[in-house]
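Presented below is the structure to which this report refers.
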Amino acid sequence: VGGPAVPELLRLLRSGSGRSRKFAAFALGEIAGTGPEVRDALIAAAGDADPHLRIAAVEALGLKPADDAVVAALARALDDADAEVRFDAVLGLARMGTAATAAVLALGRVLTDDPNRYVRGYAVEALSRIGDDAAYRVLLPYLRLSRWCPMTTSASIF
């Protein structure tokens, strides 16, 4: 259906119940050219108490065109308690490449603080794709130390 479904999807996202909100966020992410109203609704949903809605909203934001508000929302999502939210946020920033420059410091925190190795791995990818001096100043010290993986132990070798 595409664009004609946006008003009803926004209604469901804002005031639907349970899973309908999650599915509305997902569908809005799949529709191209939706504009600032959808972006702002997804940003609001990315801060919701329901982790399943946050996951869908952050994933949807990662599929939208990068702008200051989207990059900032994804950078905030890097601090989410849910690892899947953080994974979708860092993946979205990696997709945005140079447009995600404002997230460099947040991505740097991921490299040192995130317990999920896949979130860290995509943070490396995001910083590499940003590719400016600030990104490399964050990335290179991490890579120098990464050959000594602090997450690999005899109990967790992979």
Side-chain angles (χ1 to χ4, degrees), residues 1-139 142:
V1 172
V6 168
E8 181 62 16
L9 289 169
L10 282 170
R11 185 193 69 73
L12 284 170
L13 179 63
R14 292 177 176 140
S15 60
S17 60
R19 295 175 69 181
S20 65
R21 296 179 73 211
K22 176 183 98 167
F23 291 134
F26 172 82
L28 287 166
E30 296 292 316
I31 300 172
T34 52
E37 184 180 15
V38 168
R39 177 202 62 206
D40 295 345
L42 290 170
I43 289 171
D48 195 85
D50 179 353
H52 301 291
L53 177 56
R54 291 196 315 272
I55 291 165
V58 167
E59 182 178 11
L61 284 168
L63 298 172
K64 295 299 178 188
D67 66 21
D68 292 345
V70 170
V71 171
L74 292 176
R76 283 190 302 276
L78 295 174
D79 293 324
D80 198 277
D82 190 284
E84 193 168 346
V85 172
R86 297 190 314 272
F87 177 81
D88 286 329
V90 76
L91 184 59
L93 291 167
R95 283 184 187 122
M96 292 175 183
T98 57
T101 299
V104 165
L105 293 178
L107 289 163
R109 284 193 308 277
V110 166
L111 292 178
T112 58
D113 296 339
D114 201 286
N116 185 300
R117 68 185 73 204
Y118 298 102
V119 174
R120 285 183 184 203
Y122 275 103
V124 168
E125 186 64 29
L127 288 163
S128 173
R129 289 181 182 194
I130 291 168
D132 65 7
D133 287 344
Y136 288 138
R137 279 193 300 275
V138 170
L139 180 57
Y142 174 78

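For reference, positions follow the sequence shown, starting with 1.
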Self-check item: Sidechain-backbone polar pair: Thr112 side chain, Arg109 backbone, donor-acceptor under 3.5 Å
Solution: yes
Self-check item: Pairwise distance CD1(Ile130) to OH(Tyr136) - rounded to 0.5 angstrom
Solution: 10.0 Å
Quiz prompt | Atom pair NZ/CG of Lys22 and Asp48 - distance to nearest 0.5 Å | solution = 13.0 Å
Quiz item: Given side chains that start at C-beta, do those of Glu125 and Leu91 come closer than 4.5 Å, heavy atoms only?
Solution: no
Listed pairs under 3.5 Å, donor-acceptor, residues 26-38 side chains, sequence neighbours left out:
from  : atom 1 : to    : atom 2 : distance (Å)
Thr34 : OG1    : Lys64 : NZ     : 3.0

Exercise. Check for a donor-acceptor pair, side chain of Arg129 on one end and backbone N or O of Met96 on the other, with a separation under 3.5 Å.
Key: no
Quiz prompt | Distance in Å, Ile55 CD1 paired with Asp50 CG, rounded so as to fall on 0.5 Å steps | solution = 8.5 Å
Quiz item: Is there side-chain contact between Leu13 and Leu53, with heavy atoms separated by less than 4.5 Å?
Solution: yes
Quiz item: Roughly how far, to the nearest 0.5 Å, is NE2 of His52 from CZ of Arg19?
Solution: 9.5 Å
Quiz item: Below 4.5 Å, heavy atoms only, C-beta onward: do Asp88 and Leu61 meet side chain to side chain?
Solution: no
Quiz item: Stepwise, does the side chain to side chain contact (heavy atoms under 4.5 Å, CB included) test hold for Ile43 with Arg76?
Solution: CA-CA 10 Å; Ile43 289 171; Arg76 283 190 302 276; 3.7 Å; yes
Practice problem: Return the minimal non-hydrogen interatomic distance between Val58 and Ala77, and the atom names on each side. | Solution: CG2-CB, 3.8 Å
Quiz prompt | Gap between atom CZ of Arg11 and atom OG of Ser20 - 0.5 Å precision | solution = 8.0 Å
Quiz item: Closest heavy-atom contact between Gly16 and Arg21?
Solution: O-CD, 3.3 Å
Quiz item: Taking 4.0 angstrom as the limit, do Asp82 and Arg54 come out as a salt bridge?
Solution: no
Quiz item: Where do Val71 and Ala102 come nearest, in terms of heavy atoms and distance?
Solution: CG1-CB, 4.1 Å
Self-check item: Atom pair CD (Glu59) and CG (Leu42), whose distance is rounded to the nearest 0.5 Å
Solution: 11.0 Å
Quiz item: Residues two or more places apart in sequence or in another chain: which of them pass side-chain hydrogen bond (donor to acceptor under 3.5 Å, both in side chains) with Arg39?
Solution: Asp67
Quiz item: Are any non-hydrogen side-chain atoms of Arg137 and Val104 less than 4.5 angstrom apart?
Solution: no
Quiz item: Which residues pass the ring pair (Phe, Tyr, Trp, His ring centres under 6.0 Å) test with Phe87, sequence neighbours left out?
Solution: Tyr122
Quiz item: Side chains of Leu78 and Leu93: does their closest heavy-atom pair fall under 4.5 Å?
Solution: yes
